[in-house]
Protein chains: 2
Amino acid sequence: MAYPKNKTYDIDIEELARFAKAMGHPARISILRYLASMDSCFFGDICQELPIAKATVSQHLTELKNAGLIRGEIEPPKVRYCIDQENWEKANEAFRQFFSDIHPNDVCCNPEN
Amino acid sequence: MAYPKNKTYDIDIEELARFAKAMGHPARISILRYLASMDSCFFGDICQELPIAKATVSQHLTELKNAGLIRGEIEPPKVRYCIDQENWEKANEAFRQFFSDIHPNDVCCNPEN
DNA sequence: TTTGTTGTTCGCAAAATTACGAATAATATT
DNA sequence: AATATTATTCGTAATTTTGCGAACAACAAA
């Protein structure tokens with residue numbers, strides 16, 4: 001853009017957008033999927049799953065942490081990552097509600113109507 | 001980045017990421033919400049709902065169209081937009097499945113565990 | 001034919017994203 | 001104390017995103 005200019009949107013819209021944005025990259029979806037399938041997950045394990053450099057993986061993890069979707073804690077010399085239970089539920093609910101807002105027959109310009 | 005280097009991920013992961021990315025901006029969430037709440041929706045109506053310039057709205061609409069989440073058809077001199085029923089369901093299902101993959105008690109490093 | 005309405009496209013600019021290797025920090029091991 | 005392991009941060013670069021006003025295109029109305 002340039003100068004953000006304080007565009008404002010509803011809080012819940014901003015929140016859903018933040019969750020969606022965090023999920024808006026295949027590497028980050030992969031990470032979340034992987035974390036969701038494991039009980040124990042170190043940085044190194046995640047790193048091995050992805051076709052990108054560790055520095056980049058670390059950046060993606062930071063974004064997921066900032067969005068609240070994951071947690072990381074140091075277990076020297078490793079770092080253990082996992083899904084953030086509370087916010088994961090929040091995100092789940094936000095998406096669920098969002099999609100439940102529209103029902104097929106409401107739409108007007110799809111071919112079938 | 002620089003030179004994309006053909007990072008590959010599973011097809012379904014790519015798809016979910018594309019949907020999420022399209023939803024990763026409050027203006028686009030607003031548009032989708034608005035469309036989901038209306039039967040009839042012209043560009044001008046959408047535009048009035050948002051705190052950004054029409055050129056920018058048009059760009060966001062293009063992104064949503066490219067992601068397959070909406071459709072637009074010309075009804076001179078206006079353009080009618082609506083949710084793309086089929087892909088909306090696809091997206092809904094993709095998110096639903098994604099979130100259903102994790103269950104609270106699987107996680108390992110949340111405070112409660 | 002000129003004018004008005006509607007929405008897209010163009011040209012531009014600032015900021016954010018994605019990516020990498022190298023350097024660094026923090027801890028454990030020898 | 002020196003070395004090895006692990007993961008983050010730094011520096012850099014290319015690309016993408018977001019945004020705007022102005023110009024444009026398409027059609028309707030006067």
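Numbered from 1 within each chain, the chains take letters A, B, ... in sequence-line order.
You'll find that the side chain of B:Lys78 is closest to C:dT6, out of C:dT6, C:dT8, D:dT6. The B:Lys21 side chain lies nearest to D:dT16 when the options are D:dT16, D:dG19, C:dA16. Relative to the side chain of A:Pro76, the nucleotides C:dA28, C:dT8, D:dT8 differ in distance, and C:dA28 lies closest. In the set C:dT8, C:dC20, D:dT8, C:dC20 carries the atom at the smallest distance from any side-chain atom of A:Thr56. For B:Ala53, the listed nucleotide lying nearest its side chain is D:dC20; candidates were D:dG19, C:dT8, D:dC20.
Contact between the side-chain N/O atoms of B:His25 and the OP1/OP2 oxygens of D:dG19 is found at a separation under 4.0 Å. A close approach under 4.0 Å does occur between a side-chain nitrogen or oxygen of A:His60 and OP1 or OP2 of C:dA19. The shortest distance between the side-chain N/O atoms of B:Tyr81 and the OP1/OP2 oxygens of C:dT6 is not below 4.0 Å.
With the nearest nucleotide of DNA chain C identified for both A:Ala27 and B:Gly44, B:Gly44 has the one nearer the 5' end. Ranked by how close their nearest DNA chain D nucleotide is to the 5' end, A:Pro77 and A:Thr62 are led by A:Pro77.
A:Gln59 comes within 4.0 angstrom of a nucleotide base, judged by non-hydrogen atoms across all strands. Using a 4.0 Å heavy-atom criterion, one finds that A:Ala55 contacts the bases of the nucleic acid, with or without backbone contacts as well. B:Lys54 comes within 4.0 angstrom of a nucleotide base, judged by non-hydrogen atoms across all strands.
As a whole-Å value, the separation of B:Phe43 CZ from D:dC27 P is 17 Å. Taking atom CD of A:Gln48 as the reference point, atom C1' of D:dT5 lies 14 Å away to the nearest angstrom. Regarding B:Ile31, its CD1 atom lies at a distance of 14 Å from the C1' atom of C:dG7, rounded to whole Å. In this structure, CD1 of A:Ile46 is placed 14 Å from C1' of D:dT8, rounded to the nearest angstrom. Look at CD on A:Glu73: it is 14 Å from P on D:dA7, rounded to the nearest Å. In this structure, B:Ile74 atom CD1 and C:dT9 atom C1' are separated by 14 Å, rounded to whole Å. The NZ atom of B:Lys65 sits 12 Å away from the C1' atom of C:dT9 (whole-angstrom rounding). Atom CD1 of A:Ile52 and atom C1' of D:dA7 are 14 Å apart (whole Å).
The side chain to side chain donor-acceptor pair (under 3.5 Å) analysis of residues 51-62 of chain B, with sequence neighbours excluded, yields the pairs B:Arg28-B:His60.
In summary, A:Asp12 and B:Arg33 engage in a salt bridge, as defined by a charged side-chain N under 4.0 Å from a carboxylate O.
B:Phe98 has its ring centre less than 6.0 Å from the ring centre of A:Trp88.
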Original post:
Between B:Arg71 and B:Gln85, is a side chain to side chain contact (heavy atoms under 4.5 Å, CB included) present by the stated rule, with each step listed?
Top reply: CA-CA 9 Å; B:Arg71 291 162 160 275; B:Gln85 203 177 308; over 6 Å; no
Side-chain donor-acceptor pairs of residues 17-25 of chain B under 3.5 Å, sequence neighbours excluded:
{"unit_1": "B:His25", "atom_1": "ND1", "unit_2": "B:Ala27", "atom_2": "N", "d": "2.9"}

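Taking 4.5 Å as the limit, every side-chain heavy atom of A:Asp45 sits out of range of all side-chain heavy atoms of A:Phe43.
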